[in-house]
Number of protein chains: 2
Amino acid sequence: MAAGTTRRRNATERASEIRDAAATIALTRGLAAISLRNLAAHCGVTAPLITHYEPNMEALVASTFASIAENEIAEVERYALAPAEPLAQIRALIEAIADPARDNVGEVWTDAWSLGRRNESLAEAARQSMDSWHALAIRIIRAGQDAGQFAPVNPERAALVLFALVDATSAYQLVNFRTRETRESLVRETLEDMLDISLTTDGEPAAR
Amino acid sequence: MAAGTTRRRNATERASEIRDAAATIALTRGLAAISLRNLAAHCGVTAPLITHYEPNMEALVASTFASIAENEIAEVERYALAPAEPLAQIRALIEAIADPARDNVGEVWTDAWSLGRRNESLAEAARQSMDSWHALAIRIIRAGQDAGQFAPVNPERAALVLFALVDATSAYQLVNFRTRETRESLVRETLEDMLDISLTTDGEPAAR
DNA sequence: ACTCTTATTGAACAGGTGGTAAATAATGGA
DNA sequence: TCCATTATTTACCACCTGTTCAATAAGAGT
């Protein structure tokens, strides 16, 4: 900051700057790195100012996670529901989830489970976002079954299995367990077997 | 500590006392709670003494995790391999894993994935123990297939799926997602479908 | 009884955490 | 132009983190 020049921002603008900083920190250094000082440094401001806007760090961690997670779900949902056919939808869903650009979000999820044990608001946010994920999967699976394209397994359980595999593999990734290809195909092939579908477009009648 | 009485212990004894303290702290307060001061307080000793025995906290976290994980695997393996029949073995395996007494270990695993991102020794230890788990599952699954009792699916993938479900549900537990019964049956029923077996002993010919 | 080794402590360091009270100063409105 | 509001800072607090250095004292060996 330039000497003597104490820039003053209106409250809502500053508040959203801080929330953005929290999200950036969470995605690059983990949920545990969200702290008064890190936020202050990131915004070029002193620590007590952060307190002024966010009097409770635990709550900020929780709301930051919620924002990141809900944001991701909204994006993925938009991408997955774009096609009309359930088979194309579930392919899009898997494709979106597997995108390496989402690795950081996976890290934040793992942080959330670990920290959620001692941060009830965070745990609550995690449960809520998990419900959103499952609702999306169930919706697609049901549609595929109604269209007679997916095997008639229990949709709730299939959705749960799908996301359990996704969640486990994203945790595995943090410690570099197996290769990305192995982790991805674990999800893909299990889902193919479970719903009796093919997630690749090989051998499909070309739609062009 | 009593006035003037500075108890002195031989090095190996003190070293193992510290390692035990680390394990206790990890299991009750998480891997992240392993710190010089927590260890010192737990052993009734000053912080620099801990440094004397464990000059590197990151390494201690990693070795503590490795010890807890390998210990658990050894226990579960002993229990699961006790019966002769593969079907009885996999039932024992699932039963052992589901035991609520192991909840703490599940928490430590989730900590390990989260912290492993920034502690390579810890990540390495996690990979190694995950390999041990998978080896155990593959062994039982292969035996069941050789005996014609399990469906002839890819054993590597089935083992991976099994532990991905176990790992995900133990992460879910930290944030109280769904009920224990739902989490358990997710693992159980998926495994039953995958291997075409029954994990309950209902309707079995009684072996007495 | 003496000496040598070394387990252990006390006291400090630099830096991190969340948080508070009061002073400062920029801004919007009258 | 002055005032009231409030965003922002400065200066603290207590407690946590890992780490270093030198002094202390317990125990083992002779």
Side-chain angles (χ1 to χ4, degrees), chain A residues 1-22 25-26 28-65 111 114-115 117-122, chain B residues 1-22 25-26 28-64 111 114-115 118-122:
Chain A
M1 36 206 120
T5 327
T6 304
R7 263 163 238 288
R8 200 184 155 122
R9 228 169 260 210
N10 71 55
T12 65
E13 198 181 330
R14 182 65 87 186
S16 79
E17 183 193 8
I18 292 172
R19 282 193 299 267
D20 288 353
I25 290 171
T28 55
R29 294 192 273 160
L31 278 184
I34 296 180
S35 74
L36 287 178
R37 265 104 181 151
N38 283 345
L39 288 164
H42 196 278
C43 297
V45 120
T46 60
L49 184 63
I50 306 293
T51 303
H52 178 70
Y53 288 93
E54 297 288 345
N56 186 330
M57 275 301 118
E58 278 204 354
L60 177 61
V61 168
S63 66
T64 300
F65 167 79
D111 288 342
S114 177
L115 300 176
R117 184 178 8 167
R118 270 150 197 118
N119 181 341
E120 174 52 32
S121 328
L122 179 56
Chain B
M1 37 205 118
T5 326
T6 306
R7 263 162 239 289
R8 200 184 159 122
R9 226 168 262 211
N10 70 55
T12 64
E13 196 182 331
R14 181 66 86 185
S16 79
E17 183 193 9
I18 292 172
R19 281 193 299 267
D20 288 353
I25 291 171
T28 54
R29 293 193 274 161
L31 278 183
I34 295 181
S35 74
L36 288 180
R37 265 120 184 134
N38 283 346
L39 288 165
H42 196 277
C43 297
V45 121
T46 60
L49 183 63
I50 306 293
T51 304
H52 179 69
Y53 288 94
E54 296 289 345
N56 187 331
M57 274 302 119
E58 278 204 354
L60 178 61
V61 169
S63 65
T64 301
D111 288 342
S114 177
L115 300 176
R118 268 147 199 123
N119 180 342
E120 176 50 33
S121 327
L122 179 57

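By convention in this document, chain letters (A, B, ...) are assigned in the order of the sequence lines, proteins followed by strands, and residues within each chain are numbered from 1.
- The minimum heavy-atom distance linking A/Tyr53 with A/Ala11 is given by the pair CE2-O, 3.5 Å.
- What separates CZ of A/Arg14 from C1' of D/dT8 is a distance of 8 Å, to the nearest Å.
- B/Glu17 meets the side chain to side chain donor-acceptor pair (under 3.5 Å) test with B/Arg9, B/Arg14; sequence neighbours excluded.
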Residues 28-45 of chain A side chain polar contacts: donor-acceptor under 3.5 Å, at least two apart:
residue : atom : partner : partner atom : Å
A/Thr28 : OG1  : A/Thr24 : O            : 2.8
A/Thr28 : OG1  : A/Ile25 : O            : 3.4
A/Ser35 : OG   : A/Asn38 : N            : 3.1
A/Asn38 : ND2  : A/Ala33 : O            : 2.7

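- Remark: A/Ser121 engages A/Ala62, A/Asn119 in a side chain to side chain contact (heavy atoms under 4.5 Å, CB included) (not counting sequence neighbours).
- The backbone N or O of A/Leu60 sits less than 3.5 Å from a side-chain atom of A/Ser63, completing a donor-acceptor pair.
- Using modelled atom types, one side-chain atom of A/Ser16 and one backbone atom of A/Glu13 make a donor-acceptor pair closer than 3.5 Å.
- Following rounding to the nearest Å, B/Leu60 (CG) and D/dT17 (C1') show an atom-to-atom distance of 15 Å.
- Within 3.5 Å, no donor on the side chain of A/Arg9 pairs with an acceptor on the base of D/dT8, nor the reverse.
- The distance from atom CD of A/Glu58 to atom C1' of C/dG19 is 14 Å, rounded to the nearest whole Å.
- Between the C1' atom of C/dG18 and the CG atom of A/Leu39 lies a distance of 12 Å, rounded to the nearest Å.
- For B/Arg19, there are no salt bridge (Lys or Arg N to Asp or Glu O under 4.0 Å) partners two or more places apart in sequence or in a different chain.
- Going from atom CD1 of B/Ile50 over to atom P of D/dC16 covers 16 Å, rounded to whole Å.
- Between A/Ala33 and B/Tyr53, it is B/Tyr53 whose nearest contact on DNA chain C lies nearer the 5' terminus.
- At a threshold of 4.5 Å between non-hydrogen side-chain atoms, the residues A/Val61 and A/Thr64 do not count as touching.
- Applying the side chain to side chain donor-acceptor pair (under 3.5 Å) test to A/Glu120 and every residue at least two apart in sequence or in another chain returns A/Arg127.
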Protein proximity profile, nucleotides 18-24 of chain D - base contact B, sugar-phosphate-only contact S, no contact -, cut-off 4.0 Å on heavy atoms: BBB----

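- Comparing the helix axis at one end of the helix from C/dA1-D/dT30 to C/dC13-D/dG18 with that at the other, each defined from 5 consecutive pairs, gives an inter-axis angle of 20° (nearest 10°).
- Rounded to whole Å, atom C1' of C/dT8 lies 15 Å from atom CD of B/Glu13.
- If you check D/dG27, D/dT8, C/dT9 against the side chain of A/His52, the one that comes closest is D/dT8.
- Across the protein-nucleic acid pair, A/Asn119 atom CG and C/dG18 atom P stand 12 Å apart, rounded to whole Å.
- The distance between atom CZ of A/Arg8 and atom C1' of D/dA4, rounded to the nearest whole Å, is 11 Å.
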